[in-house]
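Being a predicted model, the structure only gives us computed values, none of them experimental.
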Amino acid sequence: MSATPMAVQTRPFAIEPFTNVMLPDGIFDNALYKLRIACHYTNTSGGDLTNVTIYLESVGDPGIVVTGQTYTFARIPAGASVLVSWAADFQHASPGKPLVSFVARADGFSSARSIRQIFVSQTRYDETTKTYSIQIPEGRLELSKVTVVPPAKGEWWAGEKPDGEKRKPWHGPYVPTGCTLVWVPNPAYPGTHGELPFEDPWWKVLALIILVIAAIVGIIAAAVGAGTFYVGIKGEFEETDPGVVTECCKPAPGDVLKGGLTVAGVAGVIASVALAVALSDEADPHWRGQEATPPGPGELTVGERVEAHWTLLDEPYAGKPYRTRVSWSYERTTTGGVYQHRVEEEQTNIHVTDEVKVVTPDTVASPGTLWARATFTRPDATLFSGPDLYAFALFRAPQGLYFVVPLTDDGVGFDDSASDGVYTGGLHLREALPELKKADQTPYGIWKVYVFAQDVNRVAPGTPPQIAAQTIGGFFVASAVQIAFDPNLPCPLEAQSSIKVV
């Protein structure tokens, strides 16, 4: 009997369960205890597979504790990639690249194992030096002197928790406009270039992880409280020059329930990504600075420092080619001396969509089914499809309760055809009614649909590090919430469609 033709073809990625967002480039960090290990599992055969079971068998780090779950699919079409994920506790995870073993089995085949690496980092904050640090096997990146455009006065949610305890506010997204990055390689290295982080992403991705984690910690601390993250991850930012931009927008309309956390999480990622856009996708300042400052014979590089400051020339809208004007300086310290390099340039966000189209039914009779179909078109007129995206929708009930619904392009369940560029998801009202009843709400009236999508890093394992680093995943290419620089207006939260339930 031959092995089941199913495989995890690209690196699994991290999803933060409270906000529902993917972490930058899918990297896991043990500052966030609760994460989901997600992957796209692909039918690599030319035919449909039936009665498919998928489970996560083991993780190569005993500090990562996975909650067991088996997925069963009646049919997976030829070439389709299904999204599966498992809850895991990373509190005691070690920084590194542990292997994860997945197993799939279909009718007529024996079990097939698919083994992939995940990337795990460790972020901490030192209150004495006011410095964030992120530890990985290749070294340590320190982030300090972060300047930001702060949010306007106001809370993203208020009120009380279900137990009556007063809810702490999350004040909103901070848009970075500058920072200092110090890289301490382990070990000191000879030659022009040292090892890339995880032998894959640029150093700026580590800085982005720090900012996103800081935002997420603030969100879940306000909504859930301690116990789900490392309590030392908190910090202070310096506000940018008031003569440039004073504040970004006020809180978007939202709910204190699950949807409110998701909207806040998306806003936090969108704001943080300004750092990554300013520091370029093709090669970040560390790599370019290294190329411009080759050390002398026999010298070892013991430290590197980047100071960067940028101005946002456009509002940092997700999925749009907004521009930044950036100046950065690089300094290499070796056993023989100090080398410096400086650049001033303009950078543009390349994680974009030309059009997002959402189709829903006009009217649904309760207890029927709500559904949404979304297409995401690139600037070259091609569609994102299959495992290109991690996408989801928020279905907002007439009286405010949110339901998070996955959007997939796998030809399974609500989706008609695999990899055709139509991402589909649905909500059976019969299943939603108990939650609505607990919140003292009804299904009748106008439901609003909000669609979000992050790009997925699909670089194949084994790709040379310098090439692999040029592809970064986890950017929002579509979002119903955006960041604007008018403190007198709410951050736009726009429904892409609506459904009337009668």
**OP:** Might you point out which heavy atoms bring I54 and A104 nearest each other, and give the distance in Å?
**Re:** CG1-CB, 4.0 Å
**OP:** Considering non-hydrogen atoms only, spot the tightest contact between S366 and P443 and give its length.
**Re:** OG-CG, 3.8 Å
Subject >> Intermediate values then yes/no, side chain to side chain contact (heavy atoms under 4.5 Å, CB included), I118 and F13 >> reply: CA-CA 7 Å; I118 59 174; F13 53 91; over 6 Å; no
Side chains of [X] and [Y]: closer than 4.5 Å at any heavy-atom pair?
X	Y	answer
T360	I499	yes
P492	Y317	yes
P150	F237	no
V21	Y390	no
L261	I220	no
L436	T442	no

Subject >> Separation of F376 CZ from T382 OG1 (nearest 0.5 Å) >> reply: 13.5 Å
Subject >> Reported NZ-to-CG distance for the pair K204 and L275, which is rounded to 0.5 angstrom >> reply: 8.0 Å
**OP:** Under the side-chain hydrogen bond (donor to acceptor under 3.5 Å, both in side chains) rule, what do T123 and D29 come out as? Steps first, then yes or no, please.
**Re:** CA-CA 7 Å; T123 296; D29 194 287; 2.7 Å; yes
**OP:** Quick one: do I472 and W202 satisfy side chain to side chain contact (heavy atoms under 4.5 Å, CB included)? Show the steps, please.
**Re:** CA-CA 9 Å; I472 304 169; W202 303 123; 4.2 Å; yes
**OP:** Using the ring of Y132 (Phe, Tyr or Trp, six-membered ring only), decide whether R124 places NZ or CZ under 6.0 Å from its centre and within 45 degrees of its axis.
**Re:** no
Original post:
With a cut-off of under 6.0 Å to the ring centre and 45° to the axis, is R116 in cation-pi contact with F102?
Top reply: no
Donor on one side chain, acceptor on other, [X] and [Y], under 3.5 Å:
X	Y	value
T42	S81	yes
T377	D354	no
T147	T177	yes
T131	D126	no

Original post:
Between R140 and E142, is a salt bridge (Lys or Arg N to Asp or Glu O under 4.0 Å) present by the stated rule, with each step listed?
Top reply: CA-CA 7 Å; R140 182 180 74 254; E142 298 175 350; 3.0 Å; yes
**OP:** Sequence neighbours left out, what passes side chain to side chain contact (heavy atoms under 4.5 Å, CB included) with V405? Give chain and number order.
**Re:** F395, L427
Subject >> Qualifying residue for side chain to side chain contact (heavy atoms under 4.5 Å, CB included) with F73, from D410, V84, T53 >> reply: V84
Original post:
Quick check: are there more than 12 heavy atoms from other residues, nucleotides or ligands sitting under 6.0 Å from CZ of R430?
Top reply: no
**OP:** Using only the SG atoms, decide whether C249 and C491 are less than 2.5 Å apart.
**Re:** yes
Subject >> Stepwise salt bridge (Lys or Arg N to Asp or Glu O under 4.0 Å) test for K500 and D362 >> reply: CA-CA 6 Å; K500 184 177 182 179; D362 293 326; over 6 Å; no
Subject >> Criterion salt bridge (Lys or Arg N to Asp or Glu O under 4.0 Å) on D200 and R11, from CA distance to verdict >> reply: CA-CA 11 Å; D200 186 305; R11 191 176 73 239; 3.3 Å; yes
Original post:
Taking it one step at a time, do D415 and D409 satisfy side chain to side chain contact (heavy atoms under 4.5 Å, CB included)?
Top reply: CA-CA 6 Å; D415 190 55; D409 182 21; 3.6 Å; yes
Original post:
Should F28 and F119 be marked as a ring-ring contact (aromatic ring centres under 6.0 Å, His included) after you check the CA-CA gap, both sets of side-chain angles, and the distance that decides it?
Top reply: CA-CA 6 Å; F28 299 79; F119 297 166; 9.3 Å; no
Original post:
Would the H351 and Y322 ring centres measure less than 6.0 Å apart?
Top reply: no
**OP:** Output, in order, the C-alpha distance, side-chain angles, deciding distance and verdict of salt bridge (Lys or Arg N to Asp or Glu O under 4.0 Å) for K97 and D61.
**Re:** CA-CA 9 Å; K97 297 187 290 187; D61 178 357; over 6 Å; no
**OP:** Applying ring pair (Phe, Tyr, Trp, His ring centres under 6.0 Å), name anything that partners F229, two or more places apart in sequence or on another chain.
**Re:** none
**OP:** Tell me, with the steps shown, if F452 and F476 meet side chain to side chain contact (heavy atoms under 4.5 Å, CB included).
**Re:** CA-CA 7 Å; F452 305 85; F476 275 96; 3.9 Å; yes
